[in-house]
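Residue numbers start from 1 in every chain, and the chains themselves are labelled A, B, ... in the order their sequence lines are given, proteins ahead of strands.
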Number of protein chains: 2
Amino acid sequence: MVFDITRHRMTKQRQLILDVLRNTDNHPTADRIYEQVRQVMPRISLGTIYRNLRVLKEGGEIQELNYGSSYSRFDGNPSGHYHFVCRVCGAVSDIELPVMKEINTLAAQVISGKVESHRLEIYGLCAGCGKGIV
Amino acid sequence: MVFDITRHRMTKQRQLILDVLRNTDNHPTADRIYEQVRQVMPRISLGTIYRNLRVLKEGGEIQELNYGSSYSRFDGNPSGHYHFVCRVCGAVSDIELPVMKEINTLAAQVISGKVESHRLEIYGLCAGCGKGIV
DNA sequence: GTACGTGCAAATATTTTGCAGCAGT
DNA sequence: ACTGCTGCAAAATATTTGCACGTAC
């Protein structure tokens, strides 16, 4: 699906937010997206950022992530993939590991419900933070 | 570790919160814990709930979970285990699946940092919600 | 007796929403 | 032109914190 144009309009704001998310790999927060977008469109409001993030998420264009923080991060890559989270600096990066469908199969054997998907995050120290610590 | 009594005091409030968490398996939110505890100790404050949840978490007595919602849930079982989240009713339940250490090994091969742990959640429909839906 | 802990209330932080005018199709 | 979208500001939600008093050790 490209975009549900029968219900949604591709406004300049929405396109810009999507562009920002697709051209970064650091999984920014709403506030960080706001800063980025404001450099091009200074009068955009944070409410518009949040409204568009929701629409884009519901349309399957982007993903929302939240890893123990009080805020969400967003990922312009909507396809299933895993993430690595540094416990020191909080950076989130993509993991080049294929999605393991067998996890769903395993889980289905012990769950009295319908298994649909799973989410996996790896925690540790990123290369940069690992160096500084003894 | 039982509890770091050299730094922390086991107050009635803290003990009660811990008891509530240990005697339930539905991974309650802070607010729900507050309601429970208030039935026994009506003058306790929500601030105290949050402060104690943090102390208990830092002491390794409990776990904090957050799955895409804007609020956290808490788990009185501090040992590593996986969770199943129903996408309809939002219920969170424990999964009887052993922790797969090989996931860390696999991840370590493709990550340029130090892998320490991982978190896995299964999503789907719980038994109750699966029935109602065609 | 000494800190840590508590209740209360105010403050933060993040996200959502009402509204009147704007703009994509 | 129709209806969704925007900016603005206020509200809602979840969590944290300052303070004076209380209590576990």
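One distance of note links CD of A:Glu61 with CZ of A:Arg14; it measures 10.0 Å at 0.5 Å rounding.
With hydrogens and angles ignored, no donor-acceptor pair closer than 3.5 Å exists between the side chain of B:Arg9 and the base of D:dC25. The base of D:dG7 does not come close enough to the side chain of A:Arg43 for any donor and acceptor atom to sit less than 3.5 Å apart. Put simply, the side chain of A:Arg51 and the base of D:dG7 share a donor and an acceptor less than 3.5 Å apart.
Nucleic acid contact class of B:Thr29 (heavy atoms, under 4.0 Å, all strands): none. At a threshold of 4.0 angstrom between heavy atoms, the contacts of A:Asp31 with the nucleic acid are absent.
Rounded to a whole Å, the CD1 atom of B:Ile17 is 11 Å from the C1' atom of C:dG5. D:dA10 atom C1' lies 16 Å from atom OH of A:Tyr50, rounded to whole Å. Straight-line distance from the CZ atom of A:Arg7 to the C1' atom of C:dG24: 17 Å, rounded to whole Å. Atom pair B:Ile49:CD1 and D:dT17:P shows a separation of 17 Å (rounding to whole Å applied). Taking atom CD1 of A:Ile33 as the reference point, atom P of C:dT15 lies 10 Å away to the nearest angstrom. Between the CD atom of B:Gln15 and the P atom of C:dT6 there is a distance of 12 Å, given to the nearest Å. To the nearest angstrom, P of D:dT16 lies 8 Å from NZ of B:Lys57. Remark: C1' of D:dT3 and CE of A:Met10 are 17 Å apart, rounded to the nearest angstrom.
With the nearest nucleotide of DNA chain D identified for both B:Glu64 and B:Lys12, B:Glu64 has the one nearer the 5' end.
Side-chain atoms of B:Asn26 and B:Thr24 include a donor-acceptor pair closer than 3.5 Å.
Candidate nucleotides D:dT15, C:dT6, C:dT14 were compared by shortest atom distance to the side chain of A:Ser70, and C:dT14 ranks first. Distance from the side chain of A:Arg54 is smallest to C:dT17 among C:dT17, D:dC5, D:dT6. Picking from D:dG7, C:dT6, C:dT14 the nucleotide with the shortest atom distance to the side chain of A:Tyr71 gives C:dT14.
Phosphate contact (OP1/OP2 of C:dG5, side-chain N/O of B:His8, threshold under 4.0 Å): present. A sub-4.0 Å separation between OP1 or OP2 of C:dC8 and a side-chain N or O of B:Ser45 is absent. OP1 or OP2 of C:dT14 has not a single side-chain nitrogen or oxygen of A:Asn66 nearer than 4.0 Å. Taking side-chain N and O atoms only, B:Thr11 has a distance below 4.0 Å to OP1 or OP2 of C:dT6. An OP1 or OP2 oxygen of D:dA24 is reached within less than 4.0 angstrom by no side-chain nitrogen or oxygen of B:Gln13.
Between A:His81 and A:His27, the angle of the ring planes lies from 30° to 60°, which puts this pair in the tilted group. Using cut-offs of 30° and 60° for the angle between ring planes, the A:His83 and A:Tyr67 rings count as tilted.
In this structure, B:Arg38 forms a cation-pi arrangement with B:Tyr34, its terminal cationic atom sitting closer than 6.0 Å to the ring centre and no more than 45° off the ring axis.
Of all non-hydrogen atoms in A:Asn104 and A:Glu116, the two that sit nearest each other are ND2-O, 3.8 Å.
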